[in-house]
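Report on the structure given below.
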Protein chains: 2
Amino acid sequence: MILSKTTEYALSILGFMATRNRELYPAEYLYAQLKIPRQYLRRLLTDLTKKGFIASTRGRNGGFVFARDLSTINFSQVIDAMEGPEAMNTCLLGFAACIADHPCAMHDLWLEARAKMVETLTKTSLADLREKYLKDQVTNDK
Amino acid sequence: MILSKTTEYALSILGFMATRNRELYPAEYLYAQLKIPRQYLRRLLTDLTKKGFIASTRGRNGGFVFARDLSTINFSQVIDAMEGPEAMNTCLLGFAACIADHPCAMHDLWLEARAKMVETLTKTSLADLREKYLKDQVTNDK
DNA sequence: ATAATATACTACAAAAATGTAGCATTTTAT
DNA sequence: ATAAAATGCTACATTTTTGTAGTATATTAT
Ligand code: SF4
Ligand code: SF4
């Protein structure tokens, strides 16, 4: 499963916004592009605003903009904000305490594999995403 | 999130059984040890039986035993059986198709990180778990 | 035979996650 | 001023996941 649908949506929204050239992204525009259920999308946009990834302006000509530089937002931050910081930090076997209070055979391997995943998610920023995206686009256009 | 509670339970049950020296594990015994909600645990035991990991015998002196050798059961198999084979194989951003139909910056890194995790889960069998567990136990007892 | 101790099954209940509807508020073009 | 176009908010609906209760069935010790 890895991530909840809600978190995937959040990444989807930010990932999409990061790879376009608009300044402003109204909810309705994002809905047309992403097909995330309308009202749910709106709620998520407000969430992402409260969490400081994007900023909103109301009224006519309103919409959403990134609240900070793309290079300061990485995937791990978004996941942590959506799922809580401990989501990627749980025991594989679902034990509160380890079996008989000592690490099982999986522990080191599991920690290592998970750490690698978290590292990947941490070191990739939305700026990286955008850069790679634009580069590929040029290549594809040839 | 990574895994559903149900899958964690399943791993918990099998992991526990694999590291003890009993032949037979009645549901009530597992309940006493694992504290997974009673009826839910029973349902999961029946599921795991139907999925061929364990076998049941009914009636007095009944209970559950492993249906096959511990070395033939790995974590990935259990996860696949519980969550469906595609659970660990989804797009990070939750896109059905990639943004604008071409891989994003995350793709290669994400695939690699996830592959590492899946590899770890595949190469570790319940026999490995047991072996490591018993070895540690000796060490701890000194 | 009977009682005790198991699992199997079915139907329901509660909680959490996801999705929907509608109105309130803000801003700006006209 | 007013209408249009946008976000904010609240309450509810649906679906999925997790948990519960109770009964049926099987096996065995006595
Ligand atoms: S040692 Fe095993 S049981 Fe303990 S937290 Fe790590 S994976 Fe879970
Ligand atoms: S390339 Fe990016 S959007 Fe496409 S499947 Fe991979 S992670 Fe998802």
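In what follows, chains are A, B, ... by sequence order, proteins preceding strands, each numbered from 1. These values consider heavy atoms only, across backbone and side chains, with no hydrogens, waters or symmetry-generated copies.
- For the pair B:Thr72/B:Leu126, no side-chain contact is recorded, criterion being any heavy-atom separation below 4.5 Å from C-beta on.
- Enclosure of atom CD in A:Glu131 is not indicated, since only 12 or fewer non-hydrogen atoms of other residues, nucleotides or ligands lie within 6.0 angstrom.
- Protein chain B touches strand DNA chain D; the 5'-most and 3'-most nucleotides with an atom under 4.0 angstrom of its non-hydrogen atoms are D:dT18 to D:dA29.
- Counted by atom type alone, A:Thr120 and B:Glu112 present zero donor-acceptor pairs between their side chains at under 3.5 Å.
- Hydrophobic clustering (ILVMFWY, side-chain heavy atoms < 4.5 Å, transitive): A:Leu111 and B:Met88 are in one cluster.
- Within the 4.5 Å cutoff, side-chain heavy atoms of A:Tyr9 are placed close to those of A:Pro37.
- Under the 4.5 Å side-chain criterion, counting only non-hydrogen atoms from C-beta, A:Leu129 is in contact with A:Thr19.
- C:dC12 atom P lies 19 Å from atom OH of B:Tyr40, rounded to whole Å.
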Using a 4.0 Å heavy-atom cut-off, write out nucleotides 2-10 of chain C from 5' to 3' as B (base contacted by protein), S (sugar-phosphate only) or - (no contact).
-> --BBBBSS-
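- In this structure, B:Lys35 forms a cation-pi arrangement with B:Tyr31, its terminal cationic atom sitting closer than 6.0 Å to the ring centre and no more than 45° off the ring axis.
- Between the CZ atom of A:Arg38 and the C1' atom of C:dA21 there is a distance of 12 Å, rounded to whole Å.
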Using atom types as modelled, flag every donor-acceptor pair under 3.5 Å from a side chain in residues 39-46 of chain A to any protein atom, sequence neighbours excluded.
| from | atom 1 | to | atom 2 | distance (Å) |
| --- | --- | --- | --- | --- |
| A:Tyr40 | OH | A:Thr6 | OG1 | 2.8 |
| A:Thr46 | OG1 | A:Arg42 | O | 3.0 |

